[in-house]
Amino acid sequence: MALTLSMSAFQAASSAYIFFRSKRYWVFCSPGTGLKAAPPAARAGTAKARSKHRTAHRIGFLPTMKRRSLSRLPARVPSESPWPNGARYCKINLSAKTAPREDRSMAKERDEKAITTRSQDYSQWYQDVVLRAEMADYSPVKGCMVIRPNGYALWENMQKALDGMFKQTGHVNAYFPLFIPMSFLSKEAEHVEGFAKECAVVTHHRLGAVEGGGVGPAPDSVLEEPLIVRPTSETVIYAMYSKWIKSYRDLPLLLNQWANVVRWEMRTRLFLRTTEFLWQEGHTAHAAHEESWGEVTKILEIYRRFAEEWMAVPVLTGVKTDAEKFAGALKTTCIEAMMQDGKALQAGTSHDLGQNFAKAFDVKFQDETGGWQYCWQTSWGVSTRLIGALIMVHSDDQGLVIPPRLAATHAVIVPIYRDEAGKAKVLEVARALKERLSASGLGIVLDDRDTVSPGFKYNEWELRGVPVRLEIGPRDVEQGVCVAVPRVPTRELREGEKRQKETLALDGAPEHLKALLDDLQKALYARALQFREEHSYTIDDYAQFQADIEKGGFFWAHWCGSGACEAKIKDETKATIRCVPFEAKKEPGACMVCGAPSEQRVVFARAY
RNA sequence: CGGGGCGUGGCGCAGUCUGGUAGCGCACUUGCUUUGGGAGCAAGGAGUCGGAGGUUCAAAUCCUCUCGCCCCGACCA
């Protein structure tokens, strides 16, 4: 494309030439001649042409034309200057992006309409989905995010479902303060160790004017004891428990709180790890260890059911190793899910705290015999991270996929029409349909914008993850039907079928739609489970493991139980033991690393 | 805290090497034609080029200093 011509040739020929410079083309027009590109010439004159070109700058004015005006250039340049300032040449800026038409429209399709695909760049895909579906956005504060209405609606539905399950099992909600006296954190040794590095500390209680303008902490407002912003609430809550619990009759105490917490993480990712996040933390106190352990497993079962039945995310349940457990707990149990890149995500934890915190905070009760005993405690939580899990398990290259049971909007109705008369007729039917579906308890949106085309709406609602789209056009109105398209197929596609399209009779539409939503919920779970199974391997050879871990997935392997072998594996492969699964069958074997005997396989994976 | 990258209309970027009227695509506004898979044409609005100094007739571009963000590592749900 390098078209270079000397200035003298330009002057002599008095016709239009194109100079190549960087990514720009300079078009010089002379009076009375047509525009034409000069033939590719030798590059020899390049340096000279450059200096001439700079001269040209000084000759006068270079009006810049917008690319779209290019087509309006007269075939023959009139002898009068076309430009207001009398210049007889113009500059056209043709950057890399303003290439020939076909290329541009393809680039447009690729760069601006579609999201990054999972195979191109998984974490970019995840970001694209979250931002484009308007689930969340970055905030002015580094590491923090704004949860937008689309994301928050999902969280509200999760809260509703979980809260119901907690209440059903005898838990009640309360709220404890955001600030914790700094000294509280140091009462449980392991706990400090675990959280000290990521605590935000409040040291002042007032701002004052600062020299040179602005505001800063007022020097005379230093707090006597600094406060920390809760990274979790064990300490404040148990300080209160020690006040409230006196007798075995006060037990069990089963509290939960919905709250925000702050952990000053070094690296953050939307929903998966942010400096501030929303969660639920349950804190219970019991009279005996077997009772508190019963609570731990009961809650874990609630988490498992919620993940599988509501989120349609299959999870493994199990116990964390000592290296991975909660700081201050005797034992940590967890649910672990597999993302589409084969990495594991801890989706919820339920801890057996034993009497560790009871001793640190003096949480004691008198038993039937009048003797004093320390309580047995548990704590458990799930966070907005679940939203990240949900996205990474179900969504695809079209965008978000929300399982029907958690969706705020179950279906969107897209009306299709050609003219005003048709529009009126179709909209009338669409509105009636919306009323009937909404009345049956479903979240329905009628997208009657006429500023965008139906195709645009299809793509937009798919991006937002709405489970079902209902299309109503003139043909459908005549036949008393609508076309339902599930976000993800609920059955095998037929020959020549690009997308699953179901024709639903408008009569009984609520029932038909509900059935389709049920099918979709099941299909999503089945698909996720199948993915996990296809990416789970049993493995005995460590060398093989080191190679295979690169491709992701869950690896069921024997492990002797020593922290040394666990650390070695983490060092060498970045894989951790996600859990010692409950559902694993007992099976004697030899540790993958050291060969020492092992009773069952544990699950290794790289994790978020 | 180490290594890398980037700050230019709302978003994504070109232009910086070689100083010379701030551009492109998307989005937005208006009008007409469109509408069963991301519509077309036309006309418009919108940027003190992250900030502060300096060099120059002239700085997005060169020099100095700053601030911020993103990515990759060490920590974590």
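Just so we're on the same page: letters track the sequence lines, and every chain starts at 1.
Among the nucleotides B:G37, B:A77, B:U35, the one closest to the side chain of A:S383 is B:A77.
Legend: residues meeting ring-ring contact (aromatic ring centres under 6.0 Å, His included) with A:F604, ordered by chain and number and at least two apart, are A:F545. In this view, A:Y126 satisfies the ring-ring contact (aromatic ring centres under 6.0 Å, His included) rule with no residue, not counting sequence neighbours. The side-chain contact (heavy atoms from CB on, under 4.5 Å) check on A:R273 picks up A:E265, A:R385, with sequence neighbours excluded. The ring-ring contact (aromatic ring centres under 6.0 Å, His included) search around A:W258 returns A:W155, not counting sequence neighbours. Judged as a salt bridge (charged side-chain N to carboxylate O under 4.0 Å, His left out), and not counting sequence neighbours, the contacts of A:R464 are A:E134. Listed by chain and residue number, A:F166, A:H171 satisfy the ring-ring contact (aromatic ring centres under 6.0 Å, His included) test with A:W380 (two or more places apart in sequence, or in another chain).
For B:G37, the base has a donor-acceptor partner in the side chain of A:E462 [N/O atoms by modelled type, under 3.5 angstrom].
Nucleotides B:G19 and B:C24 have their P atoms positioned 24 Å apart, rounded to a whole Å. B:G12 sits 15 Å from B:A27 when the P atoms are compared, rounded to a whole Å. Of the C1' atoms belonging to B:U16 and B:G10, the separation is 25 Å, rounded to the nearest Å. Straight-line distance between the C1' atoms of B:C6 and B:G45: roughly 29 Å, to the nearest whole Å. Spacing between B:U61 and B:G3 at atom P, rounded to whole Å, works out to 26 Å. Atom name P, nucleotides B:C65 and B:A22: the rounded distance is 28 Å, in whole Å. Remark: the separation of the P atoms in B:G20 and B:C62 is 11 Å, to the nearest Å. Between the C1' atoms of B:G44 and B:C49, the separation comes to 23 Å (whole Å).
Electrostatic pairing of A:E336 and A:R304 does not count as a salt bridge here, judged by no charged N lying under 4.0 Å from a carboxylate O. Ion pairing of A:K570 with A:E566 is absent here, as no side-chain N (NZ or NE/NH1/NH2) approaches a carboxylate O to less than 4.0 Å.
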Before giving the answer on side chain to side chain contact (heavy atoms under 4.5 Å, CB included), spell out for A:R230 and A:V262 the whole-Å C-alpha distance, their side-chain angles and the decisive distance to 0.1 Å. CA-CA 6 Å; A:R230 62 180 166 218; A:V262 167; over 6 Å; no
Working note: A:L470 + A:V483, criterion side chain to side chain contact (heavy atoms under 4.5 Å, CB included); need CA distance, chi angles, decisive distance, verdict. CA-CA 5 Å; A:L470 299 171; A:V483 175; over 6 Å; no
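In this structure, A:T274 reaches the bases: a heavy-atom distance under 4.0 Å links it to at least one base atom across the strands shown. Using a 4.0 Å heavy-atom cutoff across all strands shown, A:L345 reaches no nucleic acid atom at all. Residue contacts shown for A:F277 include a base, since a base heavy atom lies under 4.0 Å away.
A 4.5 Å side-chain heavy-atom check between A:V429 and A:L506 finds at least one atom pair inside the cut-off.
Residue-environment remark: CZ (A:R449) exceeds the threshold of 12 foreign heavy atoms within 6.0 Å. More than 12 heavy atoms of other shown residues, nucleotides or ligands fall within 6.0 angstrom of atom CD in A:Q124. Shown here is A:K343, whose NZ atom has more than 12 heavy atoms of other residues, nucleotides or ligands within 6.0 Å.
Mapping A:R499 and A:F195 onto RNA chain B by nearest heavy atom places A:R499 at the nucleotide closer to the 5' end.
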For nucleotides 30-33 of chain B, list the nitrogen or oxygen atoms of the protein found under 3.5 Å from its nitrogen or oxygen atoms, one pair per line.
none

Under 3.5 Å, N/O pairs linking protein and nucleotides 68-75 of chain B:
{"residue": "B:C72", "atom": "OP1", "partner": "A:R267", "partner atom": "NH2", "Å": "2.8"}
{"residue": "B:C72", "atom": "OP2", "partner": "A:R267", "partner atom": "NH1", "Å": "3.3"}
{"residue": "B:C72", "atom": "OP2", "partner": "A:R267", "partner atom": "NH2", "Å": "2.4"}
{"residue": "B:G73", "atom": "OP2", "partner": "A:R267", "partner atom": "NH1", "Å": "3.0"}

Polar atoms only, N or O, under 3.5 Å: list the protein pairs with nucleotides 3-8 of chain B and their distances.
none

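Distance, A:W264 CH2 to B:A77 C1': 17 Å, rounded to whole Å. Between the CD atom of A:E234 and the P atom of B:A77 there is a distance of 12 Å, rounded to whole Å. The CZ atom of A:R132 sits 16 Å away from the P atom of B:G38 (whole-angstrom rounding). Atom pair A:I416:CD1 and B:G38:P shows a separation of 12 Å (rounding to whole Å applied). With rounding to whole Å, A:K423 atom NZ is found 14 Å from B:U34 atom P.
Remark: nothing in residues 321-333 of chain A comes within less than 4.0 Å of RNA chain B through any heavy atom. Of the residues in residues 463-487 of chain A, A:R469, A:E471, A:G473, A:P474, A:R475, A:D476, A:V483 come within less than 4.0 Å of RNA chain B through at least one heavy atom, sorted by number.
Ring geometry for A:W279 against A:F277 counts as perpendicular: the plane angle is over 60°, on a 0 to 90° scale with 30° as the lower cut.
Side chains of A:T490 and A:Q500: a donor-acceptor N/O pair is present below 3.5 angstrom, by distance only. At a cut-off of 3.5 Å, with distance as the only test, a side-chain donor of A:D341 or A:Y608 sits close to an acceptor on the other residue.
A:Q257 contributes no side-chain N or O that, together with a main-chain N or O of A:A259, makes up a donor-acceptor pair within less than 3.5 Å.
Figure legend: cation-pi geometry between A:R578 and A:F554 absent, as NZ or CZ is not positioned both under 6.0 Å from the six-membered ring centre and within 45° of its axis.
A distance of 6.0 Å or more separates the ring centres of A:H283 and A:F176.
Phosphate contact (OP1/OP2 of B:A39, side-chain N/O of A:S453, threshold under 4.0 Å): present.
Taking a pair as Watson-Crick or G-U wobble with both distances under 3.5 Å, RNA chain B forms stems of 3 or more consecutive pairs at B:1-7 with B:67-73, B:10-13 with B:23-26, B:28-33 with B:39-44, B:50-54 with B:62-66.
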